[in-house]
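These notes concern the structure reproduced below.
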Amino acid sequence: MLDRLAELQEEALKQIETTTDLRALNDIRVSYLGKKGPITEVLKGMGKLSAEERPKVGEVANKVREAITLAIEEKLAALEKAEVEKRLASETIDVTLPGRPVRKGSHHPLTAIIEEIEDLFIGMGYTIAEGPEVEKDYYNFEALNLPKGHPARDMQDSFYITEETLLRTQTSPMQVRTMEKHNGKGPVKIICPGKVYRRDNDDATHSHQFTQIEGLVVDENIRMSDLKGTLTVFAQKMFGADRKIRLRPSFFPFTEPSVEMDISCKICNGEGCNVCKGTGWIEILGAGMVHPNVLEMAGFDSKKYTGFAFGMGPERIAMLKYGIEDIRNFYINDRRFIEQFKRA
Ligand code: PHE
């Protein structure tokens with residue numbers, strides 16, 4: 001019996017030694033150590049042995065079993081390790097291969113110009129405010145000193161949604177919304193960029209949707225000269241230090257006095273050309289001192305506080321700055337156009 005066990009051990013270890021795959025190894029395990037295997041068979045015959053022999057044979061049988069189990073485990077670990085190494089070798093990536101090119105996007109020229117203007121005013125201590133494009137008639141007109149039936153409402157043909165709501169025709173309603181939030185206490189110093197809508201027929205200089213940037217400063221002792229100084233800094237930073245500005249009297253219901261600002265034409269240097277229509281000046285924005293009615297309606301004491309406001313169109317500014325001739329270029333998203341304006 002002991003011989004038989006020694007034989008079995010030798011046979012099993014030899015087979016384990018020579019296996020090269022996991023399945024065969026499992027078969028060996030089942031055939032030697034399983035319930036119907038030869039070792040169990042030997043142990044079954046132990047009943048015929050004498051009382052002295054029995055524990056000896058039992059001990060040897062256990063040792064054989066342990067030796068086979070251990071050999072199987074070691075082989076299993078070795079085979080698994082080899083498997084992993086094989087996969088690692090076959091799946092390695094060649095990191096020296098050139099990558100697929102990724103197309104780099106660019107800022108839309110309007111985004112670039114709006115961010116440039118924002119940066120400029122942030123540098124002068126302004127913060128940015130944003131508001132809704134679907135606006136109440138109250139904020140878009142009424143609280144800006146344009147009561148219902150006011151003839152100046154016709155200056156801005158509007159898309160009404162209901163009697164009391166419309167797509168904002170200007171960013172000026174943000175003046176009122178911002179002042180309301182300040183609860184009658186200055187200082188207020190914001191710019192508000194955003195989309196606006198007017199019922200215009202689209203052509204080279206008109207679009208039913210375009211953008212504006214509104215500016216508002218309210219505090220004690222704000223004067224017209226503050227407005228002029230601010231706009232001069234803006235114009236010269238935007239268009240070059242050699243630009244001159246001029247303010248012409250104008251009319252907006254929410255500012256008094258109201259002005260329009262022109263800059264000297266860069267193309268002809270003020271001599272007169274077709275871009276400035278022979279005048280030497282190009283209009284770039286509307287502005288004025290906040291009307292006392294507007295201050296009062298938004299909860300500010302107009303005896304204590306004064307302010308200035310301005311509104312400009314980034315499209316117009318980009319068109320002048322880059323010599324773009326048709327406003328529709330901003331909206332048709334032709335990449336040949338857009339990609340020319342990578343932001344520095
Ligand atoms: N909201 C005016 C417009 O759209 C521009 C403006 C803003 C004028 C602020 C004065 C002050 O024409």
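Position 1 is the first residue of the sequence; numbering continues from there. Indexing begins at 1, ligand by ligand and atom by atom, following the structure's order. Just so it is clear, the values below take in all heavy atoms, side chains as well, and ignore hydrogens, waters and symmetry mates.
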Inset, instruction - Compute the shortest N/O to N/O distance between Thr169 and ligand 1 and return yes if it is under 3.5 Å, no if not. - result: no
Legend entry - Axial cation check for Phe159 ring with Arg198, 6.0 Å and 45° limits: no
Inset, instruction - Any atoms of ligand 1 less than 4.0 Å from a non-hydrogen atom of Ala287? List them with their elements. - result: 8 (C), 10 (C), 11 (C)
Legend entry - Phe210 ring center near Phe330 ring center (under 6.0 Å): no
Legend entry - Where ligand 1 meets Ser172 - atom numbers and elements under 4.0 angstrom, heavy-atom basis: 1 (N), 7 (C)
Legend entry - N/O donor-acceptor pair under 3.5 Å between Asp262 side chain and Arg248 backbone: no
Inset, instruction - Please write down residue, atom name and distance for the protein heavy atom closest to atom 12 (O) of ligand 1. - result: Phe252 CE2, 3.7 Å
Legend entry - Taking every non-hydrogen atom, the tightest pair across Ala67 and Leu13: O-CD2, 4.0 Å
Legend entry - Distance-only N or O hit between ligand 1 and Gln175, under 3.5 Å: no
Legend entry - Atoms of ligand 1 close to Arg198 [distance to a heavy atom under 4.0 angstrom, numbered from 1]: 3 (C), 4 (O)
Legend entry - For Tyr32, ring-ring contact (aromatic ring centres under 6.0 Å, His included) partners two or more places apart: none
Legend entry - Sub-4.0 Å heavy-atom approach of Gln212 to ligand 1: yes
Inset, instruction - Supply the atom-to-atom distance Ile213 CD1 to Cys192 SG, rounded to the nearest 0.5 angstrom. - result: 9.0 Å
Legend entry - Top protein contact for atom 2 (C) of ligand 1, by heavy-atom distance: Gln170 OE1, 3.7 Å
Inset, instruction - Kindly say whether Met238 contributes a backbone atom to a donor-acceptor pair with the side chain of Lys321 at under 3.5 angstrom? - result: yes
Inset, instruction - Report, as yes or no, whether the 6.0 Å neighbourhood of atom CD on Glu220 holds more than 12 heavy atoms from other residues, nucleotides or ligands. - result: yes
Inset, instruction - Taking only heavy atoms of Gly286 into account, list the atoms of ligand 1 that are under 4.0 Å away from them. - result: 6 (C), 8 (C), 10 (C)
Legend entry - Per-residue contact class, Phe310 against ligand 1 - non-hydrogen pairs under 4.0 Å: backbone
Legend entry - Glu214-ligand 1 polar pair, N/O distance under 3.5 Å: no
